[in-house]
K.L.:
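I'd like to ask you about the structure that follows.
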Amino acid sequence: MKSFGSKPWILPQLGRRRLARLQESVLMNITLSIVLATLLLCSCESKGTNGSQGKITAKMAFEGVNNYCHKEYDWGVAKENPDIMYVQMGEETDSTYQVVFRSYTGAFVHFYVNKTSGTTRMVEEVPNLNVEEQAGTINLFDYLEKQR
């Protein structure tokens with residue numbers, strides 16, 4: 001039986017150059033596998049409704065809700081005192097952005113924008129009366145500018 005010396009895991013018939021090329025080839029295959037797996041995972045990201053791609057950004061959430069509020073609510077009252085009506089960003093979770101609208105009456109509407117689908121749940125809150133209720137849903141993409 002042949003002895004391979006003190007390093008039995010290195011085959012003697014492979015020279016140093018051949019071994020180096022083999023190692024490069026293995027590393028190249030591993031790298032390509034990682035790149036392909038990454039591309040595959042990225043291409044599986046959910047699409048929003050209306051064929052929009054990718055995630056909703058905080059800027060998009062604010063823009064869509066702000067457009068909705070300016071379309072649906074009368075801002076004429078706020079001309080003299082702009083601080084009584086506003087739209088501002090609220091808290092963010094892993095899956096939603098919260099955008100808050102304050103009405104001139106003191107009521108708040110909390111918009112919870114799903115970061116993936118654009119579905120936006122609305123909750124109305126009247127702090128003085130200690131009342132909070134679901135107010136429906138909207139599709140954020142319906143209120144974003146058409147340039148997207």
K.L.:
Could you report the tightest heavy-atom contact between V100 and G90, atom names first, then the distance?
P.N.:
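Between these two residues, the closest heavy atoms are CG2-CA, 4.5 Å.
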K.L.:
For the hydrophobic clusters of this structure (ILVMFWY residues joined by side-chain heavy atoms under 4.5 Å, transitively), does one cluster hold both V65 and Y73?
P.N.:
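Same cluster.
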K.L.:
Quick check: do N67 and H70 have side-chain heavy atoms less than 4.5 Å from each other?
P.N.:
no
K.L.:
Looking at every heavy atom in both P127 and G106, which two are closest together, and how far apart are they?
P.N.:
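Minimum heavy-atom contact is CD-O, 3.7 Å.
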K.L.:
Considering residues, nucleotides and ligands other than Q134, do more than 12 of their heavy atoms fall under 6.0 Å from its CD?
P.N.:
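Check passes, neighbour count above 12.
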K.L.:
Within this structure, what is the CG-NZ distance for the pair N66 and K59, rounded to the nearest 0.5 Å?
P.N.:
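Here the interatomic distance stands at 12.5 Å.
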K.L.:
For residues I84 and R102, determine if any side-chain heavy atom of one lies less than 4.5 Å from a side-chain heavy atom of the other.
P.N.:
yes
K.L.:
Pick from Y86, Y68, W75, F111: which one makes a ring-ring contact (aromatic ring centres under 6.0 Å, His included) with F101?
P.N.:
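Of all the options given, the one that passes is W75.
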K.L.:
Determine yes or no for a side-chain-to-main-chain donor-acceptor pair under 3.5 angstrom, with R121 supplying the side chain and V113 the backbone.
P.N.:
no
K.L.:
Taking atom OH of Y104 as the centre, report whether more than 12 heavy atoms of other residues, nucleotides or ligands fall under 6.0 Å from it.
P.N.:
no
K.L.:
Are any non-hydrogen side-chain atoms of E63 and L144 less than 4.5 angstrom apart?
P.N.:
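Counting from C-beta outward, E63 and L144 do come under 4.5 Å.
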K.L.:
Any side-chain heavy atom of Y97 within less than 4.5 Å of one from K115?
P.N.:
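Touching, per the 4.5 Å side-chain cut-off.
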K.L.:
Cationic tip of K71 within the cone over Y143's six-membered ring, i.e. under 6.0 Å and within 45° of the normal?
P.N.:
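Relative to the ring axis of Y143, which defines the angle, K71 lies outside at least one limit.
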K.L.:
Using atom types as modelled and distance alone, determine if a side-chain donor or acceptor of Q98 lies under 3.5 Å from a backbone N or O of E91.
P.N.:
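Confirmed, Q98 side chain pairs with E91 backbone.
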K.L.:
For the residue pair I56 and N114, establish whether any side-chain heavy-atom pair is separated by less than 4.5 Å.
P.N.:
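Not touching, per the 4.5 Å side-chain cut-off.
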K.L.:
With clusters defined by side-chain heavy atoms of hydrophobic residues (ILVMFWY) lying less than 4.5 Å apart, directly or transitively, does M89 cluster with L140?
P.N.:
yes
K.L.:
To check you understand the geometry: which heavy-atom pair defines the closest contact between S103 and M85, and what is its length?
P.N.:
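Closest approach of S103 to M85, heavy atoms only: C-CG, 3.9 Å.
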K.L.:
Which heavy-atom pair separates E124 from A135 by the least distance, and what is that distance?
P.N.:
CG-CB, 3.6 Å
K.L.:
Atom CG of residue position N81 - does it have more than 12 heavy atoms of other residues, nucleotides or ligands inside 6.0 Å?
P.N.:
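It does: N81 CG has more than 12 such atoms within range.
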K.L.:
For the residue pair T137 and M122, establish whether any side-chain heavy-atom pair is separated by less than 4.5 Å.
P.N.:
no
K.L.:
Does any part of the side chain of Y112, heavy atoms only, come nearer than 4.5 Å to the side chain of V99, both counted from C-beta?
P.N.:
no
K.L.:
Can any side-chain N or O of S95 pair as donor or acceptor with the backbone N or O of T93 at less than 3.5 Å?
P.N.:
no
K.L.:
Rounded to the nearest 0.5 Å, what's the gap from CZ on F141 to OG1 on T119? Could you check?
P.N.:
9.0 Å
